[in-house]
Engineer: 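Here it is, the structure, as structure tokens.
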Amino acid sequence: MTAIVTGVGAEGNIRAEPDARIRIGRWIILLAVLLAVGRFALPPSLVRPPEWLVWPFADWINFSFNFVKDDLGFIHVTRAFAASVEWLLDVTANLLYGRNRWPRIGPIPWTTIAVTAAVVGYVLNGWRLALLSGGTFVWIAVMGQWRWSMETLSVIIVAAPFSVCLGLVLGTAAARRPWVERLLNPILNIAQSLPHFAYMIPVVVFIGVGPKAGAIVTIVFATPPMIRMTLLGLRKVPSEIIENGHMCGATRWQLLRFVRIPTARTEILVGVNQVIMQCLAMVVLASFIGMPGLGQKLLQLLQALKIGRSVEIGISIVLIAVWLDRCTKAWAQRQPVHFHRDSTWLDRHRILVVWVGLVLLTLAVAQIWPIADVVKRSQALTISKPLDGAVDWVIVMIDPATQWLRGFLIRYVLIPMRDAYLWLPYVSVLLLLAGIGHMIGGMRSALVCAAFFGLIAASGWWDRAMITTYMVSFSVVLAGVFGLPLGIWAAGSKRRSDIVLLVCDTAQTFPSFIYLIPVVMLFGVNDVAAIGAVVTFGTVPMTRYTIEGLRSVPESMLEAADMSGASRFQKLLNVRLPVAFPTIMVGVNQTVMFSLFMVIIAAFIGTQDLGQEMQRALSSTDVGKGLVLGLCVAFMGLMVDHLIIRWSSERKAALGID
């Protein structure tokens, strides 16, 4: 089998003879281990960051924010922008559920909105999407969750266009001007690594709390992926198409409007999909800053441990997420429809006529039967009692197992692991990371790793960061234990892989709050529940990228293995996994990022890590503390991202994979 794939064999021989970079990295790691073993002989300044090493980052940030807010008067600009956003929110709120604020228009009956959603779904992708779209709003209405759901959607309707337009402008500028891209890249890297709560604290300081704060933090949070996808799409426009535009005498604006953007349509619409899903995720979490809607209701129900009602709200959030995801993806994949020049107006606008007819019909029915206008809470259905009964039955049945598992994990795994991470001297951790970085990417990577965690040490939050690190590392290992075998099994056949990928795609649309419901139900409020939510959330990308990696192995390599008489296990071990490993490591990278975000959110159910401190900073509107904590989380993610990308690139080059 060593000769089946020459690239793999040659790369294995290269690895068998460590170069100087790897040898130096091993010596650095050995030094880190020796310092950890000799911890008791080290001076205190090498065990924990001394006071002189801790820099007052939070004070500097607070001073800067106060200067910009008060001395420069930037708060008046933000308040003016917030007022315009609030006016738009009043418009959408009155249209969707009747907020009784000026302008006093609406609300539109729920039946009208449901048939409109169904018609849009039909136009985008046929009857299945029409049933999903219309059925989502029927469920929301008959379950008595209309107002909460419309409060959530009204913010998305306002925030998403802002994010799309801002991202489109900045992405276009980055594609046209290299200096803009160089300026935006580090900002985007940090922005997409910051946890959700880090965005909320500055907005609360400048804007306050409530729907307008929720909308503005959603706009800020959802813009980076639109910038990335716009830049990617415009960069992929073939030069031949641009040259044709020049030959036709197009101006720079005409090239952008009629050539570049239409050619990059698919990537830009994928960016729109990402914006809308990010908006939903942030709107649900913005309940922490007074954003009403489904997120706020779910937060209240989880705090009261009302699992049945929480599941009802969770189903609504999931349905909205899946509906938004499917519609925006269908829009991205849909090609423009062209009609024959002899077609009549009715032929071109048949669906529009049907929609107008349905709207008029539902408006008339709503005037006759009030239940078609709004379903009152007393008229709504509920499945909370049977759900509570089923949950109680399940808990009684599995309670001995969950009690044992919870006790075992806390006593013999989590507490010892946490204590071990806290016991390590910070210089040992820095040297260990530097050694790993040197083995992977040389001196530059070593300095990057040491710098990221060195800044965490200088922030004064070392112990909290170590607790976060222990939770994330344990969760990533468990996600790998579950996700890797599942991905390998699913990749064994196209039918299994399609089913599992569909489940993964659907699960990735869920806002992270949803993952707290089952773990709170099973384990209560403790570290085991938090890690359970993180593992569930992180297993999705691990499984997905394992399947994608294994399915992308070239058929020629598999045929060569078959001709050599390799068994299925030998092909998996010696061909498929080595070739797919760079893609699988991208999944590990995504799992780490997902886990970092989920650990911060899971602080809601009781942890003692950076997330708990971030929630305290949010409650006290301490911008400096909140941003420092958020940057600590971002530095962890950026370090892992740097190492995996560097290693994956070298691995692909060694295997001759593009």
Side-chain angles (χ1 to χ4, degrees), residues 15 18-50 53-55 193 413-480 538 581 585 588-589 591-593 595-596 599 609-610 631-651:
R15 293 188 61 188
D19 58 9
R21 187 180 73 187
I22 296 178
R23 288 198 299 272
I24 293 173
R26 287 176 176 174
W27 280 109
I28 297 174
I29 293 173
L30 178 61
L31 178 59
V33 173
L34 291 176
L35 288 175
V37 172
R39 178 184 187 277
F40 298 106
L42 295 176
S45 60
L46 296 181
V47 177
R48 283 293 177 271
L53 183 62
V54 177
W55 295 359
S193 303
V413 179
L414 299 183
I415 292 178
M417 191 174 180
R418 182 196 64 190
D419 293 344
Y421 275 64
L422 292 173
W423 179 84
L424 289 171
Y426 80 98
V427 291
S428 294
V429 176
L430 295 180
L431 286 172
L432 175 65
L433 296 174
I436 295 172
H438 203 287
M439 292 178 65
I440 292 175
M443 182 58 69
R444 180 175 179 272
S445 295
L447 293 175
V448 167
C449 295
F452 277 135
F453 263 72
L455 289 170
I456 294 174
S459 71
W461 295 104
W462 182 261
D463 285 351
R464 296 283 184 172
M466 285 299 100
I467 295 175
T468 300
T469 304
Y470 113 79
M471 295 184 70
V472 170
S473 57
F474 183 66
S475 301
V476 170
V477 169
L478 283 183
F581 208 63
M585 290 303 295
V588 173
N589 187 13
T591 299
V592 172
M593 299 303 298
S595 298
L596 280 169
V599 162
D609 63 337
L610 294 171
L631 288 171
C632 288
V633 177
F635 291 157
M636 294 179 189
L638 289 171
M639 186 200 72
V640 174
D641 181 70
H642 169 80
L643 291 178
I644 290 181
I645 288 178
R646 182 65 185 267
W647 180 89
S648 181
S649 299
E650 292 191 358
R651 178 76 177 180

Engineer: Do you know the tightest heavy-atom contact between M471 and V599?
Structural biologist: CB-CG2, 4.3 Å

Engineer: Is the shortest heavy-atom distance from the side chain of V588 to the side chain of I644 under 4.5 Å?
Structural biologist: yes

Engineer: Would you mind reporting whether M443 and I24 have side-chain heavy atoms less than 4.5 Å apart?
Structural biologist: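 Not in contact.
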
Engineer: Can you name the closest pair of heavy atoms from L42 and P425 and give their distance?
Structural biologist: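 It is CD1-CG, 3.9 Å.
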
Engineer: Return the CG to CG distance between L643 and L638, rounded to the nearest 0.5 Å.
Structural biologist: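 Reported value, rounded in 0.5 Å steps: 11.0 Å.
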
Engineer: Would you compute the distance between atom OG of S428 and atom CG of L31 and round it to the nearest 0.5 angstrom?
Structural biologist: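 Here the rounded value is 8.0 Å.
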
Engineer: Which pair of heavy atoms, one from R21 and one from G442, lies closest together, and at what distance?
Structural biologist: CD-N, 3.2 Å

Engineer: Closest approach of C449 and A434, non-hydrogen atoms and distance?
Structural biologist: CB-N, 4.4 Å

Engineer: Given side-chain contact (heavy atoms from CB on, under 4.5 Å), test I456 with W461 step by step and report yes or no.
Structural biologist: CA-CA 7 Å; I456 294 174; W461 295 104; 5.7 Å; no

Engineer: Can you tell if the side chain of V476 reaches within under 4.5 Å of the side chain of S595, non-hydrogen atoms only?
Structural biologist: yes

Engineer: Could you give the distance from NE2 (H438) to CG (L447), rounded to the nearest 0.5 Å?
Structural biologist: 8.5 Å

Engineer: Rounded to the nearest 0.5 Å, what separates atom CZ in R39 from atom CG in L46?
Structural biologist: 11.5 Å

Engineer: Determine whether L414 and Y470 make a side-chain contact, defined as any pair of heavy atoms from C-beta on separated by less than 4.5 Å.
Structural biologist: yes

Engineer: To the closest 0.5 Å, what do you measure between CD1 (I436) and CG (L431)?
Structural biologist: 11.0 Å

Engineer: If every non-hydrogen atom of A457 is compared with every non-hydrogen atom of V54, which pair is closest and at what distance?
Structural biologist: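 Scanning both residues, the minimum pair turns out to be O-CG2, 4.2 Å.
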
Engineer: Any heavy-atom pair between the side chains of L596 and T468 that's under 4.5 Å?
Structural biologist: yes

Engineer: Any side-chain to backbone donor/acceptor pair from R646 onto S445? Under 3.5 Å, distance only.
Structural biologist: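 Absent.
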
Engineer: Report yes if the side chains of L433 and F452 come closer than 4.5 Å at any heavy-atom pair, otherwise no.
Structural biologist: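 No. Closest side-chain heavy atoms not under 4.5 Å.
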
Engineer: Taking ring pair (Phe, Tyr, Trp, His ring centres under 6.0 Å) as the test, write out the residues that go with Y426, two or more places apart.
Structural biologist: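 If we apply the ring pair (Phe, Tyr, Trp, His ring centres under 6.0 Å) test to Y426, skipping adjacent residues, there are no hits.
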
Engineer: Taking the side chain as C-beta and beyond, is there a heavy-atom pair between L610 and M636 under 4.5 Å?
Structural biologist: yes

Engineer: Is any side-chain heavy atom of S473 closer than 4.5 Å to a side-chain heavy atom of M417?
Structural biologist: yes

Engineer: To the nearest 0.5 Å, tell me how far M585 CE sits from F581 CZ.
Structural biologist: 5.5 Å

Engineer: Give a yes or no on whether W423 atom CH2 has more than 12 heavy-atom contacts from other residues, nucleotides or ligands under 6.0 Å away.
Structural biologist: yes

